[in-house]
Amino acid sequence: MTGGGLVVGRTALVTGAGQGIGLAIARILHEHGARVVVTDQDAALAATAAERLGGGEPVSSLGCDVTGEEAVTAAVNHAVERFGTLDILVNNAGITRDATLRRMTLADFEAVVDVHLKGTWLGVRAAAEVMRAAGSGSIINISSLSGKSGNFGQTNYSAAKAGIIGLTKAAAKELAPRGVRVNAVQPGLIRTAMTEAMPPDVFAAREADIPMKRAGEPHEVAGAVLFLASDLSSYMTGAVLEVGGGRLM
Ligand code: NAP
């Protein structure tokens, strides 16, 4: 999109944006006029993803492991130094380490909670610092319907994704008087590398359970994020948008 869009003139930072849902979010924000900082724990992947966004507003990329306090602060500072401001932060980076309680190790639990819950908290805290001072901003945290329903074999992931909802609402209350909105998106089953790792029969069974009878595509999650990033959602904070084809309504 040239000359128009829903987030023209804004600066956005997306974590875990080297591929999948994060890349789709970076793309739609860029298409709608934002300057985008593409970050991922793999700096080379982030750089390639940023190149793939193409022309238009400037983009930048950076390696950022969201579990590192300094790395997250550095990413936020990079956005401000490069583009003068940070208006939109999307905490998207994620991993799974599925196993039943019988087999899940403490390391599996801690790794997942670290990336999702600690990583999101670090992002919210660092962005809030900049946005509070500016008196405006929109933070979007990517949760999961797994955090609403609990998924078999995901005691770690479901706990972390439910925790993100509590974090979102608490931060929304703190930051609302400062003009900063904090919302969450709960995707259902979305076709990415994360879900490609699922056995095909399990994937098919999950799809059959969805009223719309199909998995979602990354750009369908990105649309909800764009809405929350833009002024179209100016009176929404602490909200949770479900993007799941009708699953678990
Ligand atoms: P994906 O394709 O695996 O992409 C996630 C990206 O995050 C990967 O590039 C990954 O890098 C990166 N990442 C992992 N750990 C990181 C860290 N510590 N710091 C920075 N980046 C890190 O997954 P996706 O499906 O797009 O998922 C994106 C988000 O949506 C996640 O929060 C996920 O939980 C959530 N979600 C996904 C679904 C779904 O069905 N796909 C459903 C609900 C919610 P590596 O590849 O190197 O690990």
Side-chain angles (χ1 to χ4, degrees), residues 13-28 37-50 52 61-76 89-98 108 110-123 126 140-151 153-154 156-165 167-168 184-198 202-203 206-207 209-210 212 214-222 224-225 240-245 247-248:
L13 191 158
V14 187
T15 69
Q19 57 186 322
I21 294 170
L23 176 56
I25 292 168
R27 179 174 291 126
I28 203 166
V37 180
V38 177
T39 74
D40 198 281
Q41 65 177 347
D42 180 341
L45 190 69
T48 310
R52 286 171 59 191
S61 73
L62 195 68
C64 173
D65 177 342
V66 298
T67 64
E69 185 174 15
E70 286 175 10
V72 173
T73 304
V76 167
L89 171 69
V90 186
N91 289 301
N92 164 82
I95 59 168
T96 50
R97 294 280 185 278
D98 294 1
D108 293 331
E110 288 180 339
V112 168
V113 170
D114 257 22
V115 174
H116 293 279
L117 196 49
K118 187 172 90 177
T120 299
W121 183 79
L122 286 172
I140 299 107
N141 299 325
I142 306 300
S143 173
S144 166
L145 283 178
S146 177
K148 177 181 178 179
S149 66
N151 272 355
Q154 291 194 321
N156 51 1
Y157 186 79
S158 297
K161 290 304 202 185
I164 286 175
I165 299 304
L167 158 58
T168 298
V185 174
Q186 289 191 313
L189 183 67
I190 309 298
R191 232 174 250 290
T192 68
M194 186 179 273
T195 47
E196 266 165 28
M198 287 167 71
V202 175
F203 192 90
R206 290 259 178 95
E207 269 193 314
D209 260 356
I210 299 168
M212 288 177 75
R214 66 172 178 88
E217 299 297 329
H219 72 87
E220 296 180 290
V221 178
V225 172
V240 183
L241 290 188
E242 296 180 11
V243 184
R247 191 176 141 228
L248 299 171

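Whatever order the structure lists ligands and atoms in, that order sets their numbers, starting from 1.
In terms of polar-atom proximity, defined here as any N/O pair under 3.5 Å, S144 makes no such contact with ligand 1. Residue contacts with ligand 1: D40 is placed with a nitrogen or oxygen under 3.5 Å of a nitrogen or oxygen of the ligand (distance criterion only). For the pair I95 and ligand 1, the shortest N or O to N or O distance does not fall below 3.5 Å. Considering backbone and side-chain N/O of T192, one or more are found under 3.5 Å from N/O of ligand 1. Between V66 and ligand 1, a contact under 3.5 Å exists for at least one N or O pair. The shortest N or O to N or O distance between L45 and ligand 1 is not below 3.5 Å.
Applying the side-chain hydrogen bond (donor to acceptor under 3.5 Å, both in side chains) test to S61 and every residue at least two apart in sequence or in another chain returns nothing. The salt bridge (charged side-chain N to carboxylate O under 4.0 Å, His left out) search around D114 returns K118, not counting sequence neighbours.
Within the 3.5 Å criterion, the main-chain N or O of A93 finds a donor-acceptor partner in the side chain of T15.
Residue S143 holds the heavy atom nearest to atom 44 (C) of ligand 1 of all those in S143, G94, C64, A46. Of the candidates G18, P187, G119, the one placing a heavy atom closest to atom 43 (C) of ligand 1 is P187.
Side-chain atoms of S146 and S158 include a donor-acceptor pair closer than 3.5 Å.
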